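Following: one structure in structure tokens, then a few remarks.
All figures in this text were calculated on a predicted structure; none of them were measured in a lab. Naming convention: chains lettered A, B, ... in sequence-line order (proteins, then strands); numbering from 1 in each chain. The figures here come from the full heavy-atom set of this structure, side chains too, leaving out hydrogens, waters and symmetry mates.
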2 protein chains.
Amino acid sequence: MSRLEETIAKVECLDEDAMAAARDRQARLTKPPGSLGRLEEIAVQVAGVQRRARPDVTRKAVFVMAGDHGVVAQGVTAYPQTVTVQMLANFAAGGAAINVLAGWAGARVVVVDVGVAGDAGPSEGILRRRVGCGTGDLSVGPAMTRDEAGKAVAVGMEVFEAELVSGLDLVAIGDMGIGNTTASAAIIAAITRRPPGEVVGRGTGIDDEVLARKTAVIERALVVNEPDADDALDVLAKVGGFEIGALAGVSLAAAAHRVPVVIDGVISGAAALLAVGLAPRATDFMIAGHLSTEPGHRAALARLGLKPILDLGMRLGEGTGAVLAMGIVEAAVRAMNEMATFDEAGVSGALEE
Amino acid sequence: MSRLEETIAKVECLDEDAMAAARDRQARLTKPPGSLGRLEEIAVQVAGVQRRARPDVTRKAVFVMAGDHGVVAQGVTAYPQTVTVQMLANFAAGGAAINVLAGWAGARVVVVDVGVAGDAGPSEGILRRRVGCGTGDLSVGPAMTRDEAGKAVAVGMEVFEAELVSGLDLVAIGDMGIGNTTASAAIIAAITRRPPGEVVGRGTGIDDEVLARKTAVIERALVVNEPDADDALDVLAKVGGFEIGALAGVSLAAAAHRVPVVIDGVISGAAALLAVGLAPRATDFMIAGHLSTEPGHRAALARLGLKPILDLGMRLGEGTGAVLAMGIVEAAVRAMNEMATFDEAGVSGALEE
């Protein structure tokens, strides 16, 4: 078995016993049943993932995967490709949104160069696990070979497992890569079989003219490449990105190692679709952090059957929405673990009716 | 001038200069403009409240006001009245949801007995600022006198100002009081002039029969008392509660002292309506923490013109939704304060189009 096959085989079911014990505890805590709403559901899910009624989400990390995209040659982005490498330096220096928000959430930031353009790019504070120097232009041919697609997924799995040694109770995934909302919309269109016009968005802020071009580029990409919706590696190879493959790899490894993974926006959502294409049960280990303003994100979450925790009009990527939601997940778990029960507190239960 | 009039007079406008400087900074941070969505708006609002482009939300507190309600005699609640006092003991012991979630948010918990039933109740860890021993039954006459209504509001203002000495950059409000969703729905119906059936909810979990009774009780209360929608103290006196008045007082004092106040669920929403009835500009200092499942909460927020940060199906009260949202407010402010600008990070701006 390949490493990918081994990881997929390790993705098992949620632990129903742990979830039942967690639900029982929720019912005994000093609050009206169900009154903490989604917080109760989230804590029960984390119990099922971690196989214990009182889970722990102390040790957290966000994996920020970076890659470049040949499709930028088609003029589909608001920012130049150089921004990907510049932002890697910003991540390393601690000045980006993800650094600040991960600091707020108490999460380590793990930034990986999975294949930015050129050979340069900063190295300090950045893991170099390059599959290539940016992908090919998906509107004229495949973004990468099938072998490269497998390598990109492997990067995610390996980086996750390396970080696991330092302790991981809860992870988030995020992205950096000029052009990657184009690749993500193509993946989502391919897998959900929706027309590109329904799932394409303005990314970092393009105007109507560029949006029309971006839509046409995705339509062409699907015609030229004919990705097989039932073969996630084929979709990744033909219309994906190195960082998207790596995010799928993190998601698979998290599920295999029973660590809940918080999904960010449209790029992470596309990666989650690929992960679930490879291991359908992986969805049980995912928590949708937020709803991005990118239309494709809503389509991806609907397909995954995930309901976002936050809806704050965010569209930054980097894992920013996911780490914000990590805070809510931590609060949910702490409430379940630390609240007193009716018995402990000597509080009366509901009136008989 | 009375203390209340003085406080109302101190509620001024948001600082437009500070907000303009904050918006300018948001535009220079290393992210596409507007890509942090609501986080950007929240941080700008806090700048306007605190009169500085880079506000500080380090020192936080949640004010949990407790009171009892004579209307419980009508059989409108799922839990017995004794639970109010029992929960005060739970707050003091640190076992309630608000204790855990405030711990997560880094907020001090200030619990005040504004008038629970009986004379007993725990004292350690609880401020005793009792206006009465529970309110009168609002379905047969006024809940309290106008003088008591003024005293309840004053409790909130005074407790806020006492806590201000320890430092307050951001506050939340929450409630405890069996029967108080009935009083809150009555306040909201009176002020928004909606029929009680539109704003009444299931509180801690009543069935259809009790819900019908609760609706009829509120309808009767409005007929019997004829609260004057344009006179907030009249509404509070006739169909309110001691803790609701105190929460209005905290909201007014926060606005007067330029501290942003995060509103919790339907009880806090009713209190916010009263505060805004007394000082219309107070709404600028409010942040809606979450959307409760209680129908009246949506009506209150619509009237206040506030959009909730979170929508997690919560309906616990105590300030739980507000302290969760406090975390998001802190993240929003930290992102604005701590992120690098394009210049600082050497990141390219958007392409010319």
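In this structure, the portions of A:Thr30 lying under 4.5 Å from any heavy atom of chain B include both its backbone and its side chain. Contacts between A:Phe91 and chain B at a heavy-atom distance below 4.5 Å are absent for every atom of the residue.
Within a 6.0 Å sphere centred on CZ of A:Arg334, other residues, nucleotides and ligands contribute more than 12 heavy atoms.
For the residue pair A:Leu324 and B:Ala331, the shortest heavy atom distance occurs at CD2-CB, 3.5 Å.
Interface remark: of the candidates B:Val323, B:Thr204, B:Leu29, B:Asn337, B:Thr204 forms the most heavy-atom pairs closer than 4.5 Å to chain A. Ranking A:Ala340, A:Gly349, A:Ser292, A:Ser348 against chain B, the residue ahead of the rest is A:Ser348, based on heavy-atom pairs under 4.5 Å. Contact count versus chain A (heavy atoms, under 4.5 Å) is highest, among B:Gly327, B:Ala345, B:Gly203, for B:Gly327. Ranked by heavy-atom pairs under 4.5 Å with chain B, the list A:Gly94, A:Gly321, A:Pro80 is led by A:Pro80. Ranked by heavy-atom pairs under 4.5 Å with chain B, the list A:Gly317, A:Gly75, A:Ala335, A:Ala97 is led by A:Ala97.
Heavy-atom neighbours of chain B within the stretch residues 306-316 of chain A, taken at a separation under 4.5 angstrom, comprise A:Ile309, A:Leu310, A:Leu312, A:Gly313, A:Met314, A:Arg315, A:Leu316. Proximity to chain A at a heavy-atom threshold of 4.5 Å picks out B:Pro33, B:Gly34, B:Ser35, B:Leu36, B:Gly37, B:Arg38, B:Leu39 from residues 33-46 of chain B, in numerical order.
Here CG of B:Asn90 is found 7.0 Å from CE of A:Met339. Values are rounded to the nearest 0.5 Å.
The aromatic rings of B:Trp104 and A:Trp104 lie perpendicular to each other, with more than 60° between the two planes, well past the 30° mark.
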Could you check A:Ile328 against B:Ile328 for side-chain contact (heavy atoms from CB on, under 4.5 Å), going step by step and ending with a plain yes or no?
CA-CA 9 Å; A:Ile328 304 295; B:Ile328 304 295; 4.3 Å; yes
